[in-house]
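Only this structure's heavy atoms are used, side chains among them; waters, hydrogens and symmetry mates stay out.
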Amino acid sequence: MEKKETMEKVQALKKRFNYRQLFMILVLVFSIAADILLDYVNAGFNATIFNDASYWIMLALTCLSVVLVTLAVRDFFREKELRENSAITETQKLIDNAHADLLKYNLTTRFEEYVNNINAARKLKAYREYLQFKLSKAKKDKKREALQKKLNSADSDIEFLPTHGNKIKLSPVRYVKFAKVRISTIFSRTEKSGGEDEDIEANEQKHINELIFKKLFSLVAFSIAFSTLFFESDTFAVAILVNTFMKLFRTAMSILLGASDGQSFARGTLLSKMKLRLDFIQKFIESEKKKGDSASTETIKAAE
């Protein structure tokens with residue numbers, strides 16, 4: 001009974017405060033506690049520490065621990081959302097069912113053709129947009145005429161332009177990206193790359209890079225700045241308490257940042273991409289339904 005009441009209190013607390021609010025509360029508590037504790041110690045700085053190899057080793061380990069703790073917590077909450085978030089699990093279930101229906105009614109070949117046609121259209125669209133952009137920037141008439149000629153023949157030229165992944169290779173050093181659809185991405189839970197709104201792939205590596213180099217920057221900077229200080233106190237325990245408090249604060253900040261980022265990625269970016277994938281499959285099924293194929297009709301009924 002007591003355990004149930006405790007869980008209800010925790011759930012009520014979670015509904016009252018989100019991670020951003022908890023973060024601000026933590027900053028407030030830290031500021032007040034640090035202001036009080038620093039009255040009992042004298043902070044100093046000694047430039048000779050920069051000549052000490054052990055300082056750089058400890059600094060590197062400190063920064064590494066911040067990154068590792070954040071990423072570990074992020075991955076934990078990301079996976080937690082994938083397992084427990086009803087919107088995500090329901091969307092994934094619909095995708096899995098659609099995949100099973102494609103196999104059951106032998107529509108995989110038609111689906112591949114559908115994907116190839118979509119990719120061809122997106123490839124042409126990206127190439128034409130690239131030429132139109134270059135044309136709008138061109139100043140010289142000769143350059144504009146050459147670009148206009150390429151634009152006029154884009155529909156036929158596109159077939160001879162090689163594609164590498166989601167890039168159209170125009171030359172050894174020049175390429176144009178387009179939102180290529182990969183069947184493996186639609187039906188798998190692994191993320192590769194992407195960026196455009198119509199892209200069904202979630203660029204998780206880019207998301208992690210932004211987390212490390214943008215969101216973690218202030219926390220790493222705090223760790224570096226704090227590592228250059230030393231504390232003197234009449235009571236040895238007080239100096240130890242200050243250092244311990246700072247480490248606990250840094251760890252708590254890493255945990256909150258990782259938890260918040262992991263949840264936001266799963267609930268926002270990943271879920272939106274999953275919905276795009278489901279919508280892509282449903283559009284294929286609808287196109288098959290319009291053809292009047294009995295197998296396609298059965299597929300739609302089963303998916304619904």
Side-chain angles (χ1 to χ4, degrees), residues 88 91-92 94-99 101-103 106-138 144 146-207 209-210 265 268-291 293 296 299-300 303:
I88 294 176
T91 304
Q92 185 60 53
L94 292 173
I95 293 174
D96 293 340
N97 290 341
H99 188 205
D101 290 332
L102 292 180
L103 295 172
N106 298 318
L107 292 174
T108 53
T109 302
R110 294 191 195 178
F111 186 65
E112 289 177 6
E113 293 173 354
Y114 178 80
V115 170
N116 291 336
N117 291 334
I118 292 292
N119 285 333
R122 292 186 177 185
K123 180 181 177 181
L124 176 60
K125 178 184 175 183
Y127 180 56
R128 291 183 64 86
E129 288 177 349
Y130 166 79
L131 292 176
Q132 288 170 348
F133 173 78
K134 298 291 287 186
L135 183 60
S136 67
K137 297 295 183 180
R144 291 179 59 84
L147 287 169
Q148 185 62 56
K149 185 177 180 181
K150 286 185 177 181
L151 185 59
N152 293 338
S153 61
D155 291 13
S156 57
D157 292 344
I158 194 67
E159 298 179 8
F160 304 99
L161 293 176
T163 303
H164 181 70
N166 65 334
K167 300 175 182 177
I168 308 169
K169 295 191 68 175
L170 304 179
S171 71
V173 294
R174 186 179 301 173
Y175 60 86
V176 177
K177 287 186 177 181
F178 70 103
K180 184 176 183 179
V181 178
R182 295 181 176 88
I183 296 178
S184 59
T185 300
I186 297 175
F187 299 117
S188 70
R189 304 182 185 218
T190 57
E191 302 307 320
K192 297 178 182 177
S193 60
E196 300 180 24
D197 291 338
E198 63 179 358
D199 199 334
I200 63 171
E201 298 181 353
N203 192 342
E204 185 163 11
Q205 186 56 53
K206 180 180 178 182
H207 194 88
N209 290 340
E210 290 179 351
F265 175 77
T269 304
L270 188 54
L271 180 57
S272 66
K273 297 299 181 182
M274 291 173 68
K275 288 181 178 179
L276 283 175
R277 297 168 192 174
L278 180 61
D279 182 65
F280 186 88
I281 304 170
Q282 290 174 337
K283 285 181 178 178
F284 164 73
I285 294 175
E286 287 297 326
S287 68
E288 289 297 304
K289 181 180 179 181
K290 290 178 181 178
K291 293 177 182 179
D293 189 288
S296 302
T299 302
I300 295 169

Contacts of Asn152 meeting side chain to side chain contact (heavy atoms under 4.5 Å, CB included) (sequence neighbours excluded), chain-then-number -> Gln148

Separation between CD1 (Ile186) and CE (Met274), nearest 0.5 Å, reads 12.5 Å

Output for pair (Leu131 CG, Leu170 CG), nearest 0.5 Å, gives 8.0 Å

Check: Do Asn116 and Glu112 meet the criterion of a side-chain donor-acceptor pair at a distance under 3.5 Å?
Finding: no

The reported gap from CD in Gln282 to CD in Glu286 (rounded to nearest 0.5 angstrom) is 8.0 Å

Sorted by chain and residue number, the ring pair (Phe, Tyr, Trp, His ring centres under 6.0 Å) partners of Tyr130 (sequence neighbours excluded) come out as none

d(Ile168 CD1, Arg174 CZ) to nearest 0.5 Å is 13.5 Å

The reported gap from OG1 in Thr185 to CZ in Arg277 (rounded to nearest 0.5 angstrom) is 6.5 Å

Those residues at least two apart in sequence (or on a different chain) that pass side-chain hydrogen bond (donor to acceptor under 3.5 Å, both in side chains) with Thr109 are none

Is it true that a side-chain atom of Lys123 and a backbone atom of Leu161 form a donor plus acceptor pair closer than 3.5 Å? yes

**Prompt:** Aromatic rings Phe111 and Phe280: how do their planes relate, parallel, tilted or perpendicular, breaks at 30° and 60°?
**Reply:** perpendicular

For Phe284 and Leu107 the tightest heavy-atom approach is CZ-O, 4.0 Å

For Thr108, the side-chain hydrogen bond (donor to acceptor under 3.5 Å, both in side chains) test, sequence neighbours excluded, returns none

Sequence neighbours excluded, the answer for side chain to side chain contact (heavy atoms under 4.5 Å, CB included) partners of Lys275 is Thr91, Leu271

For Tyr127, the ring pair (Phe, Tyr, Trp, His ring centres under 6.0 Å) test, sequence neighbours excluded, returns none

Original post:
If only atom types and distance count, is the side chain of Asn119 paired as donor or acceptor with the main-chain N or O of Val181 below 3.5 Å?
Top reply: yes

Sequence neighbours excluded, the answer for side-chain hydrogen bond (donor to acceptor under 3.5 Å, both in side chains) partners of Asp157 is Ser153

TODO: May I ask you to decide if Ala179's main-chain N or O and Arg122's side chain share a donor-acceptor pair within less than 3.5 Å?
DONE: yes

The side-chain hydrogen bond (donor to acceptor under 3.5 Å, both in side chains) partners of Asp279 (sequence neighbours excluded) come to Lys283

Residues at least two apart in sequence or cross-chain that pass side chain to side chain contact (heavy atoms under 4.5 Å, CB included) with Ala138, listed by chain then number, are Lys143, Arg144, Leu147

Tyr175 meets the side chain to side chain contact (heavy atoms under 4.5 Å, CB included) criterion, sequence neighbours left out, with Lys167, Lys177

Are Leu103 and His99 close enough, and set up right, to give a side chain to side chain contact (heavy atoms under 4.5 Å, CB included), and what steps lead you there? CA-CA 6 Å; Leu103 295 172; His99 188 205; 4.1 Å; yes

Taken to the nearest 0.5 Å, the spacing of Ile285 CD1 from Leu102 CG works out to 6.0 Å

For this session: Dump the intermediate steps for side-chain hydrogen bond (donor to acceptor under 3.5 Å, both in side chains) on Gln92 and Asp96, then the final yes or no.
Result: CA-CA 6 Å; Gln92 185 60 53; Asp96 293 340; 3.0 Å; yes

